[in-house]
Protein chains: 2
Amino acid sequence: MTVPTGRRERKKAATRQKIADTALRLFLERGYDAVGIRDVAAEADVAVTTLFSHFPAKEALVFEQDADFEQRLTRAVTDRAPDEPLVPALRREVLALVRHCTGEGAGPIWHMIDSSPALRKYEESMRLRHAEALAATIEAEFVPARTPTVCRTIARFAIAAYTLAREATEPEAALDEIFQMIEAAWETTRPA
Amino acid sequence: MTVPTGRRERKKAATRQKIADTALRLFLERGYDAVGIRDVAAEADVAVTTLFSHFPAKEALVFEQDADFEQRLTRAVTDRAPDEPLVPALRREVLALVRHCTGEGAGPIWHMIDSSPALRKYEESMRLRHAEALAATIEAEFVPARTPTVCRTIARFAIAAYTLAREATEPEAALDEIFQMIEAAWETTRPA
DNA sequence: TTCGGAAAGCTAACCGTTAGTGCTACGGTT
DNA sequence: AACCGTAGCACTAACGGTTAGCTTTCCGAA
């Protein structure tokens with residue numbers, strides 16, 4: 001049994017962070033496509049293979065908070081107040097996530113993502129993973145009151161809400177509209 | 001101005017088809033990952049660069065009907081009967097597309113796609129392109145009666161319906177459920 | 001027939017990614 | 001305190017998809 005108490009984990013996390021920071025810095029300085037994996041590895045002073053042992057692909061260097069995002073969504077479902085309905089809980093969390101990505105100094109990063117097809121593509125499949133995780137969480141609570149298909153659909157819709165709102169000119173207004181639609185979709189499946 | 005009368009176009013189309021057919025055959029024979037671009041090019045008796053002048057990526061060799069799919073969706077909107085509402089028209093077309101992909105001899109191809117991460121990923125981003133094209137078509141007709149956000153959302157939902165139904169154990173039943181939800185979502189945005 | 005241009009070809013590379021192998025240092029055990 | 005087992009990291013070398021640069025071929029229009 002191992003509940004590793006420390007140094008190793010800290011060093012590993014430090015290496016990972018150093019790689020991520022270096023990568024983001026280089027990407028913003030010179031542009032995502034103009035920076036190669038070998039450049040990042042050299043600048044972070046690690047081997048290429050080490051980089052790939054921390055991140056599954058070049059694009060993942062940009063989406064460091066991947067796991068966080070997923071966890072926040074699923075927890076929004078599992079940790080909500082006992083009397084709070086599903087959709088409003090989802091709405092609150094998605095709103096928070098959208099605010100987090102449209103505010104403050106996140107502009108340059110999202111501009112970079114939007115202008116790189118590879119990054120856009122990677123984000124899409126990442127979001128789909130999140131949708132599947134969210135679907136599993138929702139199914140765990142609502143099947144068999146609702147069918148698995150309905151649960152999966154709502155999960156997809158919630159992710160779509162995030163993506164569409166982020167792209168909209170007025171993210172929060174867009175989110176209101178979309179969640180009104182999601183609410184209607186969910187309500188129509190209420191069992192007798 | 002050129003309305004090229006023929007031979008060139010025919011030869012080009014023939015080359016394209018030969019590449020696609022060869023690729024699909026090899027993929028099904030030996031497995032997608034086990035067949036390299038150079039193998040396909042050699043077997044189709046063309047240069048690698050020629051192959052890439054017809055298809056933008058290896059994965060595209062598998063999704064030859066890409067453009068068809070998109071066109072069928074957008075035409076389902078534009079060419080529907082004057083009195084037919086949007087959602088039922090979408091539902092009909094998506095149902096046809098799902099049937100087309102779950103029936104007959106399409107099994108092996110979809111099995112191959114499902115078991116290759118690269119192909120799954122490629123399909124996702126392809127579907128998203130379709131959603132964007134569909135969104136543009138819907139917007140062209142319904143803005144400003146509905147907001148652009150609502151139109152884009154419905155387009156996404158329709159694509160999600162296709163994907164989710166195809167994955168479901170009972171595709172047609174799943175499609176019924178999902179389109180009931182989409183109908184509710186669309187209705188709730190009806191202007192006063 | 002001649003000529004512009006599109007299609008196809010070849011070579012050679014670029015770049016992300018992955019084996020394969022071995023070394024080092026940490027952590028728990030004796 | 002000495003000792004393993006293993007996780008983290010390094011290095012080399014390659015693989016496979018993709019592209020650039022340039023040449024060749026051949027159709028179609030004038």
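In this text, all values refer to a predicted model and were calculated from it rather than measured experimentally. Below, chain A is the first sequence line, B the second, and so on; all start at residue 1.
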What integer distance in Å separates [X]:[atom1] from [N]:[atom2]?
| X | N | atom1 | atom2 | value |
| --- | --- | --- | --- | --- |
| B/F27 | D/dG16 | CZ | P | 13 Å |
| A/R10 | C/dC26 | CZ | C1' | 11 Å |
| A/F55 | D/dG8 | CZ | P | 14 Å |
| B/I37 | D/dT19 | CD1 | P | 10 Å |
| A/D39 | C/dC14 | CG | C1' | 12 Å |
| B/I19 | C/dA7 | CD1 | P | 13 Å |
| A/K121 | C/dG16 | NZ | P | 15 Å |
| B/Y32 | D/dG17 | OH | P | 8 Å |

**Request:** Determine the interplanar angle of the A/Y162 and A/F69 rings, folded into 0 to 90°, and report it as parallel if under 30°, tilted if 30 to 60°, perpendicular if over 60°.
**Result:**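 Taking A/F69 first and then A/Y162, their aromatic rings stand perpendicular (interplane angle over 60°).
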**Prompt:** Using 30° and 60° as the class limits, which term best fits the ring planes of A/F63 and A/Y122: parallel, tilted or perpendicular?
**Reply:**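 Correct class here is parallel.
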Minimum heavy-atom separation for [X] to [Y], with atom names?
| X | Y | answer |
| --- | --- | --- |
| B/T149 | B/T153 | O-OG1, 2.6 Å |
| A/E187 | A/R190 | OE1-NH2, 2.8 Å |
| B/A89 | B/A76 | CB-O, 3.8 Å |
| B/R72 | B/A96 | NH2-CB, 3.6 Å |

**Item:** B/T188 side chain to B/A184 backbone, donor-acceptor under 3.5 Å
**Value:**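 Pair absent, no side-chain N/O of B/T188 close to backbone of B/A184.
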**Message:** Categorize B/D45 for me: base, sugar-phosphate, or nothing, with a 4.0 angstrom heavy-atom threshold over every strand shown.
**Reply:**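 The residue B/D45 makes sugar-phosphate contact but no base contact.
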What pairs of nitrogen or oxygen atoms, one from the protein and one from nucleotides 10-13 of chain C, lie under 3.5 Å apart?
from, atom 1, to, atom 2, distance (Å)
C/dC10, N4, B/T49, OG1, 3.1
C/dA13, N6, B/R38, NH2, 3.4

Below 3.5 Å is the cut-off: list the nitrogen or oxygen pairs between protein and nucleotides 5-7 of chain D, distance only.
from, atom 1, to, atom 2, distance (Å)
D/dT6, O2, A/R8, NH2, 3.4

**Prompt:** Can a cation-pi geometry be assigned to B/K58 and B/Y32, taking NZ or CZ under 6.0 Å from the six-membered ring centre and within 45° of the ring axis?
**Reply:**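 So B/K58 does make the cation-pi contact.
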**Request:** Would you indicate, yes or no, if C/dA7 has its OP1 or OP2 atom less than 4.0 angstrom from a side-chain nitrogen or oxygen of B/H54?
**Result:**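 Answer no for this pair, as no side-chain N or O of B/H54 is under 4.0 Å from OP1 or OP2.
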**Prompt:** Think B/T50 has a side-chain N or O under 4.0 angstrom from the OP1 or OP2 of C/dG9?
**Reply:**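 Answer yes for this pair, as a side-chain N or O of B/T50 is under 4.0 Å from OP1 or OP2.
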**Asked** Any link between A/L128 and A/L97 through a network of hydrophobic side chains (Ile, Leu, Val, Met, Phe, Trp, Tyr) touching at under 4.5 Å?
**Response**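 Each belongs to a different hydrophobic cluster.
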